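Since we're looking at a predicted model, the values are computed, not measured. Reckoned from all heavy atoms, side chains included, excluding hydrogens, waters and symmetry mates. Labels below follow one simple rule: chain letters A, B, ... track the order of the sequence lines, proteins then strands, and each chain is numbered from 1.
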Amino acid sequence: MESLADWRRSHYSREVNPDMNGEEILVMGWTHEIRDLGGIIFVLLRDRDGLVQVTAPSKKIDPGLFENLRKLKKESVIAVKGTVQESPKAPGGVELIPTDLRLLNQSQQPLPLDPTEKVRAEIDTRLDSRFLDLRKPSVSAIFKIKSTMLHSVRVFLEKNGYLEVNTPKLVASATEGGTELFPITYFEREAFLGQSPQLYKQTMMSAGFDKVYEIAPIFRAEEHDTLRHLNEVISIDMEASFHSDEDVMDVLEKLVVQAITDVTENCEEELKLLDKDLQIPETPFERIDYDDVIDLVNSKGVALEHGEDLSRAAEKAMGEAMDGYYFITGWPTEIKPFYVMANEETPEKSHAFDLMYKDLEISSGAMRVHQHDVLVEKISSKGLNPESFERYLAAFEYGMPPHAGWGLGAERFNMTLTGLNNIRETVLFPRDRRRLTP
RNA sequence: GCCCUGGUGGUGUAGGGGCUAUCAUGCGGGCCUGUCGAGCCCGCGACUCGGGUUCAAUUCCCGGCCAGGGCGCCA
């Protein structure tokens, strides 16, 4: 093992090109593969951006260096100094003729999975050795796309006057109802992990922040065991004063289109690695009323009664009938949370909407109740106790503006960008019913 | 939580009441100067755990644990 000392990377693999012929460079990374042909050794060095071939012909390099290259193990960390050589025979038309090598850290053998992907591994094996799994270019591509998407979302919202806020994830009580919460010990009291920033972002409307967003984890203690649920996910949440449901649906579809545009422009390589042909959808997205959803689903032979949430079979039927992104509007008031505003003329219908991608719900939102007395009434009618919402309700007594907002599941959105069907793939270290490590 | 399916070298698999347990990849060693899923030769490495049936269980039965898929819950 050798020390890094004064060696510093001069180039990432992706930056090495034939125009640099003759240049002295220094690359650092992992030995992805070693092909020892006897008189010539090829070492594929991998870094965050890709691969570069180090070519060592025995006659042209120092014998000691040649022996050290021969002894390298897969996935060891190395730094290579060398001369860039333009060569039509090399991958990418360029290779590095080494002049010096430092073995910075050795990797044990055998590896718990194969980063070259010659032999595939199951998701469980992959998650157990996630650090190695993430070295695969096709896996890290998912997170480069996620990073690009999140950056795009932030830029879009900032440009549109939204303020990024951070609300507590340690909360005193079950807020919205609906989902189970994770209880935790908070000194001498019981507390919970937050299921949603909903009540806080509404409070920010009363605080006069006008337009806010938050990108943060939410926790759901449901024992679900599916390809599209996790117990910890990232929620992209926004709330805007003096906005209706229609207004924030416009914001949502513009944001989705912007993120897709940015990903197609900046993640060409990553999309190719994932074999995903990402198309920019047209706006406005199709809007379909809940009543029509019932009819459509029933016409497909799937039973669904008015007043029911969509079953999995109903979602699948919708996925077959609809193409890409679409909104479901006009949800029955009774199956939506207490903070959702009912329609003025037809109070059995609400101002709530879901954004779907084929058979996957990726976002839901609504225009909210902003009148204190109506809210108290709705909390009671849901079987909840208004007294436990005292601090939240106070914000509605001193000038709460009309407002609307939504929450977009970052991982589910990412699934639509990458074409993956297992949500676990889109989280570095997923938390599901069984998995709490690594 | 329910239903279905499965658990075989490091990884991914074939098989199946008595075998030396299949193949690929990997790993170790050897040969090889243009590999790019390099090639060739030699070698290494495995039946989820507990109980039962049986002369004999990795194989059949029961249970546990774990996993995959579906559903439910949920977003």
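When rounded to the nearest whole Å, the span between CG of A:L132 and P of B:G10 equals 16 Å. One can place CD of A:Q109 at 11 Å from P of B:G29, the figure rounded to the nearest angstrom. When rounded to the nearest whole Å, the span between CZ of A:R35 and C1' of B:A38 equals 6 Å.
A:D36 comes within 4.0 angstrom of a nucleotide base, judged by non-hydrogen atoms across all strands. A:A90 comes within contact range of at least one nucleobase, with a heavy-atom separation under 4.0 Å. Note on A:E223: a base of the nucleic acid sits closer than 4.0 angstrom, heavy atoms only. Here A:Q108 lies out of heavy-atom contact (under 4.0 Å) with every strand. Nucleic acid contact class of A:E33 (heavy atoms, under 4.0 Å, all strands): sugar-phosphate only. Across all strands shown, A:S235 has no heavy atoms under 4.0 Å from either base or sugar-phosphate atoms. At a threshold of 4.0 angstrom between heavy atoms, the contacts of A:S311 are confined to the sugar-phosphate backbone, with no base atom among them.
Of the possible polar contacts, none joining the A:S129 side chain to the A:R126 backbone as a donor-acceptor pair under 3.5 Å is found. Counting only distance, with no hydrogens or angles, the side chain of A:K201 and the backbone of A:M238 share a donor-acceptor pair below 3.5 Å.
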Listing, residues 356-365 of chain A side-chain donor-acceptor contacts under 3.5 Å, not counting sequence neighbours, or none:
unit_1 : atom_1 : unit_2 : atom_2 : d
A:D359 : OD2    : A:R312 : NH2    : 3.0
A:S363 : OG     : A:G407 : O      : 2.9

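Nucleotide B:U59 forms no Watson-Crick or G-U wobble pair with any nucleotide shown, as no partner meets the under 3.5 Å limit on both distances. Base pairing annotation: B:C66 forms a Watson-Crick or G-U wobble pair with B:G6, both donor-acceptor distances under 3.5 Å. Nucleotide B:G43 forms a pair with B:C27, judged by Watson-Crick or G-U wobble geometry with both contacts under 3.5 Å. Within the shown strands, nothing qualifies as a pairing partner of B:A75 under the Watson-Crick or G-U definition with both distances less than 3.5 Å. Both distances falling under 3.5 Å, in either a Watson-Crick or a G-U wobble arrangement, occur for no nucleotide opposite B:U20.
Look at A:K118 and you'll find a side-chain N or O under 4.0 angstrom from OP1 or OP2 of B:G26. In this structure, A:S196 does not reach the B:A75 phosphate: none of its side-chain N or O atoms is under 4.0 Å from OP1 or OP2. Phosphate contact (OP1/OP2 of B:G29, side-chain N/O of A:K71, threshold under 4.0 Å): absent. Between A:R312 and B:C71 there is a side-chain polar atom (N or O) within less than 4.0 angstrom of OP1 or OP2. For A:K73, no side-chain nitrogen or oxygen approaches OP1 or OP2 of B:C27 to under 4.0 Å. Between A:K316 and B:C71 there is a side-chain N or O to OP1 or OP2 distance below 4.0 Å.
Closest of all the heavy-atom pairs between A:L273 and A:P137 is CD1-O, 3.6 Å.
Set against B:G10, B:C74, B:G34, the side chain of A:P112 has B:G10 as its closest nucleotide. For A:T125, the side-chain atoms get nearest to B:U11 when compared with the rest of B:U11, B:U25, B:C32. Across B:C73, B:G34, B:G12, the shortest atom-to-atom separation from the side chain of A:T55 is found for B:G34.
For B:C49 and B:A24, the P atoms lie 26 Å apart once the distance is rounded to whole Å. B:G64 and B:C3 have their P atoms separated by 11 Å, given to the nearest Å. Distance check on atom C1': B:A46 versus B:C19 gives 16 Å, rounded to whole Å.
No donor-acceptor contact under 3.5 Å links the side chain of A:E222 to the base of B:G72.
Both A:I40 and A:S364 lie near RNA chain B, and the one whose nearest nucleotide falls closer to the 5' end is A:I40. Between A:D354 and A:L113, the residue anchored nearer the 5' end of RNA chain B, judged by the nucleotide with its closest heavy atom, is A:L113.
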Extract from the structure each pairing of a protein N or O with an N or O of nucleotides 63-68 of chain B at less than 3.5 Å, listing the distance.
unit_1 : atom_1 : unit_2 : atom_2 : d
B:A67  : OP2    : A:R434 : NE     : 2.6

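A:T167 and A:E214 are linked by a side-chain donor-acceptor pair at a separation below 3.5 angstrom, with hydrogens and angles left out of the test. A donor-acceptor pair shorter than 3.5 Å cannot be found between the side chains of A:Q85 and A:T55. Under the 3.5 Å distance criterion, with hydrogens and angles disregarded, no donor-acceptor pair is assigned to the side chains of A:E253 and A:T283. A:E222 and A:H229 form no side-chain donor-acceptor contact under 3.5 Å, judged by distance and modelled atom types alone.
You'll find the ring centres of A:Y326 and A:F285 outside the 6.0 Å limit.
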